[in-house]
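The next block holds one structure in the form of structure tokens; read it before the comments.
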Amino acid sequence: MAGPLFDAIEREQLADLLDELGPDAPTLLTPWTTRDLAAHLVLREHDPLAGPGLVVPGAWGHFAERRRTALARTDFRSLVATIRSGPPRGPFRNGWVRRVPNLNEFFVHHEDVRRANGCGPRTNVPALDAALWHNVCGARWLLARRLRGAGLVLEWAGTAITVRARRGEPAARIAGTPGELLLYLFGRQGAAAVKVSGPADAVDTVRRARFGM
């Protein structure tokens with residue numbers, strides 16, 4: 001999928017917001033502050049040994065968390081400058097990585113900071129919405145894998161575009177703009193501006209489910 005690399009825009013805007021708020025502002029990832037989130041982002045891209053542990057449970061995950069905690073004790077503005085500098089040489093400069101996992105990472109974490117500091121949903125340019133919808137469709141099975149006992153359909157609000165995220169009956173439907181759907185699927189259900197509808201049992205099952213990586 002060719003097109004603008006929106007991860008760079010999200011990265012720059014997030015770095016601006018981190019600089020504005022400083023190291024002690026809240027995020028949606030309680031108890032993490034902006035300092036903790038900045039350390040997470042730097043470790044993810046710049047520590048090839050610990051980085052994979054961010055998504056791997058067990059000993060590797062504990063090792064990554066120790067490295068992240070140590071990084072969080074370093075100078076906050078240096079962490080933000082490292083984030084702002086862009087992806088380092090290596091796989092994070094790959095076009096697919098930038099369009100999919102990196103866009104997801106920076107969009108969701110940008111919203112983690114925005115929403116925890118009084119900002120509401122934003123209106124995205126159509127091309128960004130299209131890129132986010134592409135990513136919603138690509139990640140839907142993975143992010144909804146823990147949902148049991150109900151099917152799930154995702155709807156791009158204001159359009160007739162839908163995609164099934166989980167087979168099964170009865171099925172619930174989550175309607176929202178692509179960015180809000182992505183937030184919901186990444187476990188930010190309480191912050192995502194979406195509408196969940198369908199049979200009561202299915203809706204209840206979806207609301208109780210744990211989404212995300």
| said: With a 4.5 Å cut-off on side-chain heavy-atom distances among I, L, V, M, F, W and Y, is there a chain of contacts connecting Trp60 to Val55? | reply: yes
| Thinking salt bridges, do Glu105 and Arg44 make one under a 4.0 Å N-O criterion? | yes
| If you look at every heavy atom in Ala202 and Pro170, which pair is closest and at what distance? | CB-O, 3.8 Å
| Around Arg148, counting heavy atoms of other residues, nucleotides and ligands shown, do more than 12 lie under 6.0 Å from its CZ? | yes
| CG-OG1 distance between Asp75 and Thr82, expressed to the nearest 0.5 angstrom | 9.5 Å
| query | Is Asp19 paired with Arg77 through a side-chain N to carboxylate O contact shorter than 4.0 Å? | reply | yes
| If you round to the nearest 0.5 Å, how far is NE2 of His46 from OG of Ser85? | 5.0 Å
| message | Quick one: does any side-chain atom of Arg68 pair with a main-chain N or O of Ala39 as donor and acceptor, under 3.5 Å? | response | no
| Are Trp32 and Leu21 joined in one hydrophobic group, where the rule is that I, L, V, M, F, W and Y side chains link up if heavy atoms are under 4.5 Å apart? | yes
| field | Worked verdict on Leu5 versus Arg99 for side-chain contact (heavy atoms from CB on, under 4.5 Å) | value | CA-CA 6 Å; Leu5 293 172; Arg99 287 189 295 269; 3.6 Å; yes
| request: Of all the heavy-atom pairs spanning Arg146 and Phe211, show the shortest one and how long it is. | output: NH1-C, 4.0 Å
| said: Whether Arg115 and Glu180 form a salt bridge (side-chain N of Lys/Arg under 4.0 Å from carboxylate O of Asp/Glu) is what I want to check. | reply: yes
| said: Using a 6.0 Å cut-off, check whether atom CZ of Arg210 has over 12 heavy atoms from anything other than its own residue. | reply: no
| query | Which distance, rounded to the nearest 0.5 Å, do you find between the CG of Leu147 and the CZ of Arg167? | reply | 13.0 Å
| task | Would you please test Leu182 and Leu185 for side-chain contact (heavy atoms from CB on, under 4.5 Å) and show each step? | result | CA-CA 5 Å; Leu182 194 70; Leu185 290 178; 5.6 Å; no
| task | Please assess Thr74 against Leu71 for the test side-chain contact (heavy atoms from CB on, under 4.5 Å), listing each intermediate value before the final yes or no. | result | CA-CA 5 Å; Thr74 63; Leu71 199 56; 4.3 Å; yes
| query | What pair of heavy atoms forms the shortest contact from Leu18 to Ala38, and how long is it? | reply | CD1-CB, 4.4 Å
| note | One should read off an interatomic distance between Leu181 CG and Trp133 CH2, to the nearest 0.5 angstrom, of 6.0 Å
| With hydrophobic residues grouped by side-chain heavy-atom distances under 4.5 Å, do Tyr184 and Ile161 end up in a single group? | yes
| request: Can you see which heavy atom on Glu10 is nearest to which on Phe106, and at what distance? | output: CB-CB, 3.8 Å
| message | Show, in sequence, the C-alpha distance, side-chain angles and deciding distance for His110 and Arg11, and conclude whether the side-chain contact (heavy atoms from CB on, under 4.5 Å) test is met. | response | CA-CA 8 Å; His110 186 191; Arg11 180 192 293 271; over 6 Å; no
| request: Measure the CG-CZ distance between Asp7 and Phe92 for me, rounded to the nearest 0.5 Å. | output: 11.0 Å
| request: Report the distance from atom CD of Glu65 to atom CG of Leu54, rounding to the nearest 0.5 Å. | output: 8.5 Å
| task | Would you please name every residue forming a ring-ring contact (aromatic ring centres under 6.0 Å, His included) with His109, sequence neighbours left out? | result | His40
